[in-house]
Amino acid sequence: MTIQTKPILAYSLPTPNGQKLHIMLEELDVPYTYHRVDIGKGEQFTPEFLAISPNNKIPAIVDPEGPDGAPISVFESGAILKYLALKFGKLYPTDPRQQVEVDEWLFWQVGGFGPMLGQNNHFSVYAPEKIPYAIKRYSDETHRLFGVLNKRLVGRDYIAGDYSIADIAAIGWAQSAERYGITRAEFPHFYAWFDRLNARPAVAKGLEIGKVPQATSLADDKEAQKILFNQRAR
(Lines give C-alpha, C1' and ligand atoms only; values in the text may rest on other atoms or scores of the structure.)
Protein backbone atom coordinates (compact mmCIF):
# COMPACT_ATOMS: atom_id res chain seq x y z
CA MET A 1 0.00 0.00 0.00
CA THR A 2 1.38 3.40 -1.04
CA ILE A 3 1.77 5.92 1.77
CA GLN A 4 1.75 9.60 0.82
CA THR A 5 3.96 11.63 3.18
CA LYS A 6 4.02 14.97 1.34
CA PRO A 7 0.79 16.69 0.26
CA ILE A 8 -0.27 16.45 -3.36
CA LEU A 9 -0.69 19.95 -4.77
CA ALA A 10 -4.14 20.29 -6.30
CA TYR A 11 -4.62 23.23 -8.68
CA SER A 12 -8.30 23.49 -9.22
CA LEU A 13 -11.71 25.11 -8.87
CA PRO A 14 -15.14 23.75 -7.88
CA THR A 15 -16.18 23.15 -11.49
CA PRO A 16 -17.39 19.70 -12.62
CA ASN A 17 -13.89 18.86 -13.85
CA GLY A 18 -12.25 20.21 -10.72
CA GLN A 19 -14.69 18.31 -8.53
CA LYS A 20 -13.42 15.03 -9.98
CA LEU A 21 -10.04 15.74 -8.42
CA HIS A 22 -11.49 16.89 -5.09
CA ILE A 23 -13.69 13.81 -4.75
CA MET A 24 -10.86 11.47 -5.73
CA LEU A 25 -8.49 12.92 -3.15
CA GLU A 26 -11.16 12.74 -0.46
CA GLU A 27 -11.98 9.13 -1.36
CA LEU A 28 -8.30 8.19 -1.21
CA ASP A 29 -7.87 10.05 2.10
CA VAL A 30 -4.37 11.22 1.19
CA PRO A 31 -2.81 14.56 2.18
CA TYR A 32 -3.26 17.34 -0.34
CA THR A 33 -3.19 21.12 -0.57
CA TYR A 34 -5.84 22.94 -2.56
CA HIS A 35 -4.62 25.84 -4.73
CA ARG A 36 -7.36 27.95 -6.27
CA VAL A 37 -6.74 28.93 -9.90
CA ASP A 38 -9.06 31.84 -10.69
CA ILE A 39 -9.79 31.25 -14.36
CA GLY A 40 -12.08 34.29 -14.45
CA LYS A 41 -9.02 36.44 -13.78
CA GLY A 42 -6.76 34.63 -16.22
CA GLU A 43 -4.59 32.82 -13.69
CA GLN A 44 -4.63 29.74 -15.93
CA PHE A 45 -2.39 31.63 -18.39
CA THR A 46 0.46 32.32 -15.96
CA PRO A 47 3.81 30.71 -16.85
CA GLU A 48 3.81 28.89 -13.51
CA PHE A 49 0.50 27.20 -14.20
CA LEU A 50 1.24 26.50 -17.85
CA ALA A 51 4.36 24.64 -16.73
CA ILE A 52 2.10 21.97 -15.22
CA SER A 53 -1.00 22.38 -17.41
CA PRO A 54 -0.01 23.31 -20.98
CA ASN A 55 -3.65 23.30 -22.07
CA ASN A 56 -4.29 26.12 -19.53
CA LYS A 57 -7.21 24.22 -17.98
CA ILE A 58 -7.93 23.04 -14.47
CA PRO A 59 -7.48 20.68 -12.74
CA ALA A 60 -3.80 19.82 -12.54
CA ILE A 61 -1.69 18.26 -9.82
CA VAL A 62 1.90 18.12 -8.71
CA ASP A 63 2.77 14.96 -6.82
CA PRO A 64 6.04 15.52 -4.93
CA GLU A 65 6.32 11.76 -4.52
CA GLY A 66 5.84 10.62 -8.09
CA PRO A 67 7.31 7.55 -9.80
CA ASP A 68 10.69 6.58 -8.30
CA GLY A 69 10.16 9.27 -5.68
CA ALA A 70 10.64 12.13 -8.14
CA PRO A 71 8.01 14.89 -8.47
CA ILE A 72 5.56 14.68 -11.36
CA SER A 73 2.85 16.98 -12.68
CA VAL A 74 -0.32 15.66 -14.31
CA PHE A 75 -2.95 17.60 -16.26
CA GLU A 76 -6.33 16.57 -17.74
CA SER A 77 -8.90 15.29 -15.27
CA GLY A 78 -9.16 11.77 -16.69
CA ALA A 79 -5.39 11.31 -16.64
CA ILE A 80 -5.27 12.58 -13.05
CA LEU A 81 -7.96 10.14 -11.91
CA LYS A 82 -6.18 7.20 -13.51
CA TYR A 83 -2.77 8.26 -12.19
CA LEU A 84 -4.04 8.51 -8.62
CA ALA A 85 -6.03 5.27 -8.86
CA LEU A 86 -3.03 3.34 -10.12
CA LYS A 87 -0.65 4.90 -7.62
CA PHE A 88 -2.78 4.10 -4.59
CA GLY A 89 -4.35 0.91 -5.90
CA LYS A 90 -7.90 2.05 -5.30
CA LEU A 91 -11.03 2.82 -7.34
CA TYR A 92 -9.64 1.07 -10.42
CA PRO A 93 -9.86 -2.70 -10.96
CA THR A 94 -6.91 -5.05 -11.38
CA ASP A 95 -8.68 -7.43 -13.78
CA PRO A 96 -7.86 -6.41 -17.40
CA ARG A 97 -11.43 -6.86 -18.67
CA GLN A 98 -12.81 -4.77 -15.85
CA GLN A 99 -10.15 -2.13 -16.53
CA VAL A 100 -11.39 -1.86 -20.11
CA GLU A 101 -14.93 -1.33 -18.85
CA VAL A 102 -13.89 1.44 -16.48
CA ASP A 103 -11.76 3.07 -19.18
CA GLU A 104 -14.65 3.01 -21.66
CA TRP A 105 -16.90 4.93 -19.30
CA LEU A 106 -14.16 7.25 -18.11
CA PHE A 107 -13.46 8.24 -21.71
CA TRP A 108 -17.18 8.43 -22.44
CA GLN A 109 -17.37 11.11 -19.79
CA VAL A 110 -14.30 13.10 -20.80
CA GLY A 111 -15.15 12.86 -24.51
CA GLY A 112 -18.91 13.36 -24.41
CA PHE A 113 -20.76 13.69 -21.13
CA GLY A 114 -18.65 16.67 -20.10
CA PRO A 115 -18.05 18.51 -23.39
CA MET A 116 -21.61 18.18 -24.71
CA LEU A 117 -23.15 19.40 -21.44
CA GLY A 118 -20.65 22.24 -21.51
CA GLN A 119 -21.72 23.25 -25.00
CA ASN A 120 -25.36 23.05 -23.95
CA ASN A 121 -24.63 25.38 -21.06
CA HIS A 122 -22.63 27.76 -23.22
CA PHE A 123 -25.19 28.24 -25.96
CA SER A 124 -28.17 28.27 -23.59
CA VAL A 125 -26.71 30.61 -20.96
CA TYR A 126 -23.58 32.48 -22.03
CA ALA A 127 -23.78 32.98 -25.78
CA PRO A 128 -24.72 36.60 -26.53
CA GLU A 129 -26.74 35.40 -29.51
CA LYS A 130 -29.26 32.69 -28.69
CA ILE A 131 -29.04 30.44 -31.74
CA PRO A 132 -32.02 28.04 -31.77
CA TYR A 133 -30.21 25.37 -33.80
CA ALA A 134 -27.21 25.29 -31.42
CA ILE A 135 -29.42 25.24 -28.33
CA LYS A 136 -31.52 22.38 -29.71
CA ARG A 137 -28.50 20.42 -30.92
CA TYR A 138 -26.76 20.40 -27.55
CA SER A 139 -29.96 20.08 -25.52
CA ASP A 140 -30.87 16.99 -27.52
CA GLU A 141 -27.38 15.55 -27.13
CA THR A 142 -27.49 16.20 -23.38
CA HIS A 143 -30.79 14.33 -23.17
CA ARG A 144 -29.35 11.47 -25.23
CA LEU A 145 -26.29 11.13 -23.02
CA PHE A 146 -28.34 11.07 -19.82
CA GLY A 147 -30.39 8.36 -21.52
CA VAL A 148 -27.24 6.35 -22.23
CA LEU A 149 -26.24 6.62 -18.57
CA ASN A 150 -29.74 5.76 -17.37
CA LYS A 151 -29.78 2.57 -19.48
CA ARG A 152 -26.31 1.64 -18.33
CA LEU A 153 -27.44 1.82 -14.70
CA VAL A 154 -30.38 -0.58 -15.09
CA GLY A 155 -29.65 -3.29 -12.53
CA ARG A 156 -26.32 -1.67 -11.55
CA ASP A 157 -25.33 0.33 -8.50
CA TYR A 158 -22.33 1.86 -10.29
CA ILE A 159 -21.36 2.58 -13.87
CA ALA A 160 -18.66 -0.06 -14.38
CA GLY A 161 -18.96 -2.77 -11.75
CA ASP A 162 -17.71 -1.59 -8.38
CA TYR A 163 -17.55 2.10 -7.46
CA SER A 164 -14.68 3.54 -9.48
CA ILE A 165 -13.14 6.53 -11.20
CA ALA A 166 -15.84 6.15 -13.87
CA ASP A 167 -18.43 7.23 -11.29
CA ILE A 168 -16.21 9.98 -9.89
CA ALA A 169 -15.70 11.41 -13.37
CA ALA A 170 -19.43 11.71 -14.04
CA ILE A 171 -20.99 12.82 -10.76
CA GLY A 172 -19.90 16.47 -10.85
CA TRP A 173 -21.38 16.94 -14.31
CA ALA A 174 -24.54 15.15 -13.20
CA GLN A 175 -25.27 17.76 -10.53
CA SER A 176 -27.03 20.01 -13.07
CA ALA A 177 -29.39 17.29 -14.29
CA GLU A 178 -32.58 19.07 -13.24
CA ARG A 179 -31.47 22.29 -14.91
CA TYR A 180 -31.13 20.32 -18.15
CA GLY A 181 -34.68 19.02 -17.80
CA ILE A 182 -33.64 15.53 -16.70
CA THR A 183 -36.52 14.25 -14.57
CA ARG A 184 -36.72 11.43 -12.04
CA ALA A 185 -39.74 10.00 -13.78
CA GLU A 186 -37.93 9.63 -17.11
CA PHE A 187 -34.49 8.65 -15.76
CA PRO A 188 -35.06 6.68 -12.51
CA HIS A 189 -31.93 4.52 -12.75
CA PHE A 190 -29.72 7.57 -13.21
CA TYR A 191 -31.27 9.27 -10.18
CA ALA A 192 -30.87 6.17 -8.00
CA TRP A 193 -27.15 6.29 -8.83
CA PHE A 194 -27.08 10.07 -8.35
CA ASP A 195 -28.57 9.80 -4.86
CA ARG A 196 -26.28 6.88 -3.99
CA LEU A 197 -23.15 8.82 -4.90
CA ASN A 198 -24.21 12.08 -3.30
CA ALA A 199 -24.73 10.20 -0.03
CA ARG A 200 -21.02 9.30 0.08
CA PRO A 201 -19.20 11.64 2.52
CA ALA A 202 -16.20 12.04 0.21
CA VAL A 203 -18.45 13.00 -2.71
CA ALA A 204 -20.43 15.48 -0.62
CA LYS A 205 -17.22 17.09 0.66
CA GLY A 206 -15.49 17.03 -2.71
CA LEU A 207 -18.37 18.84 -4.37
CA GLU A 208 -18.07 21.71 -1.88
CA ILE A 209 -14.30 22.19 -1.77
CA GLY A 210 -13.26 25.62 -3.01
CA LYS A 211 -16.75 27.10 -3.24
CA VAL A 212 -16.86 30.78 -2.32
CA PRO A 213 -19.66 33.34 -2.60
CA GLN A 214 -19.60 35.09 -5.97
CA ALA A 215 -20.59 38.76 -6.12
CA THR A 216 -21.35 38.42 -9.84
CA SER A 217 -22.41 35.30 -11.71
CA LEU A 218 -20.38 34.30 -14.74
CA ALA A 219 -23.46 34.87 -16.90
CA ASP A 220 -23.26 38.57 -15.94
CA ASP A 221 -19.46 38.96 -15.70
CA LYS A 222 -18.51 40.22 -19.13
CA GLU A 223 -14.84 40.69 -18.24
CA ALA A 224 -14.50 37.08 -17.11
CA GLN A 225 -16.28 35.92 -20.26
CA LYS A 226 -13.68 37.75 -22.37
CA ILE A 227 -10.98 35.70 -20.65
CA LEU A 228 -12.81 32.37 -20.71
CA PHE A 229 -14.43 32.38 -24.15
CA ASN A 230 -13.16 32.70 -27.72
CA GLN A 231 -9.48 32.37 -26.89
CA ARG A 232 -6.98 31.85 -29.71
CA ALA A 233 -3.44 30.46 -29.65
CA ARG A 234 -1.00 32.60 -27.72
Side-chain angles (χ1 to χ4, degrees), residues 1-39 43-111 113-115 158-173 197 200-203 205-210 233-234:
M1 179 178 177
T2 301
I3 303 297
Q4 187 78 21
T5 61
K6 296 179 182 178
I8 292 170
L9 309 181
Y11 297 86
S12 192
L13 274 181
T15 65
N17 284 335
Q19 287 165 337
K20 300 175 193 177
L21 171 57
H22 309 165
I23 293 168
M24 184 66 173
L25 290 168
E26 288 296 324
E27 290 283 11
L28 293 172
D29 193 25
V30 296
Y32 70 94
T33 304
Y34 170 77
H35 294 273
R36 180 181 176 85
V37 180
D38 195 332
I39 60 176
E43 292 178 0
Q44 69 273 34
F45 298 111
T46 64
E48 294 80 9
F49 185 68
L50 286 171
I52 62 172
S53 182
N55 193 34
N56 55 263
K57 302 287 185 181
I58 59 97
I61 65 168
V62 174
D63 180 3
E65 298 170 347
D68 302 320
I72 189 171
S73 61
V74 188
F75 76 102
E76 289 298 319
S77 59
I80 294 170
L81 290 180
K82 197 163 181 181
Y83 169 79
L84 292 172
L86 289 170
K87 174 175 181 174
F88 294 104
K90 295 181 179 179
L91 301 168
Y92 189 72
T94 56
D95 178 82
R97 288 184 177 273
Q98 293 176 351
Q99 288 177 349
V100 169
E101 199 170 5
V102 170
D103 287 347
E104 287 175 330
W105 288 96
L106 173 63
F107 298 141
W108 172 84
Q109 187 283 310
V110 299
F113 193 60
Y158 303 108
I159 295 174
D162 294 332
Y163 178 62
S164 73
I165 57 175
D167 301 285
I168 292 172
I171 190 60
W173 286 98
L197 259 67
R200 296 181 67 90
V203 172
K205 184 175 180 180
L207 291 171
E208 294 300 315
I209 288 170
R234 298 187 175 201

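Since the structure is predicted, the reported quantities are computational estimates derived from the model, not experimental observations. Here, residue 1 is the first one in the sequence, and each next residue gets the next number.
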Checking Trp108, Trp105, Phe107 against Phe113 for ring-ring contact (aromatic ring centres under 6.0 Å, His included), the one that qualifies is Trp108
Heavy-atom closest pair (Met24 atom, Lys90 atom, distance to 0.1 Å) is CE-O, 4.4 Å
Practice task
Answer whether the closest heavy-atom distance between the side chains of Ile8 and Leu84 falls below 4.5 Å.
Solution key: yes
Separation between NZ (Lys57) and CG (Asn55), nearest 0.5 Å, reads 6.5 Å
Sorted by chain and residue number, the salt bridge (Lys or Arg N to Asp or Glu O under 4.0 Å) partners of Lys82 (sequence neighbours excluded) come out as Asp103
For Gly206 and Gln19, the nearest pair of non-hydrogen atoms, with its separation, is O-CG, 4.1 Å
task: Keeping the roles fixed (side chain from Gln44, backbone from Ile39), state whether a donor-acceptor pair exists under 3.5 Å.
output: yes
In short, ring pair (Phe, Tyr, Trp, His ring centres under 6.0 Å) pairs touching residues 50-69 with sequence neighbours left out are none
Which of Ile80, Ile52, Leu81 passes side chain to side chain contact (heavy atoms under 4.5 Å, CB included) with Val74? It is Ile80
Closest heavy-atom pair, Ile209 versus Pro14, reported as atoms and distance to 0.1 Å, is O-CB, 3.3 Å
Residue pairs passing the ring pair (Phe, Tyr, Trp, His ring centres under 6.0 Å) test with at least one member in residues 64-85, sequence neighbours excluded, are none
Value for CD1 (Ile3) from CD (Glu65), rounded to nearest 0.5 Å, stands at 10.0 Å
With sequence neighbours left out, the residues meeting side-chain contact (heavy atoms from CB on, under 4.5 Å) with Arg97 are Asp95
Rounding to 0.5 Å, atoms CD1 (Ile159) and CG (Leu106) come to a distance of 10.0 Å
In this structure, CD1 of Ile72 is separated from CD1 of Ile61 (nearest 0.5 Å) by 8.0 Å
Task: Carboxylate-amine/guanidinium proximity below 4.0 Å for Glu43 and Arg36 - done: no
Asp29 meets the salt bridge (Lys or Arg N to Asp or Glu O under 4.0 Å) criterion, sequence neighbours left out, with none
Would you confirm whether Gln99, through its side chain, and Pro93, through its main-chain N or O, come within 3.5 Å as a donor-acceptor pair?
yes
Of all heavy-atom pairs linking Tyr34 and Ser12, the shortest is OH-O, 3.5 Å
Sequence neighbours excluded, the answer for salt bridge (Lys or Arg N to Asp or Glu O under 4.0 Å) partners of Glu104 is none
CD1 of Ile168 to OG of Ser77, rounded to nearest 0.5 Å, is 11.5 Å
In this structure, CG of Leu207 is separated from CD of Glu26 (nearest 0.5 Å) by 10.5 Å
Minimal heavy-atom distance between Asp162 and Asp167, with the atoms involved, is O-OD2, 3.9 Å
In short, Thr2 meets Lys87 closest at the heavy-atom pair OG1-O, 2.9 Å
- Query: So Tyr11 and His35, would you call those rings parallel, tilted or perpendicular, with 30° and 60° as cut-offs?
  - Reply: parallel
Between Gln4 and Asp63, do the side chains contain an N or O donor and an N or O acceptor separated by less than 3.5 Å? yes
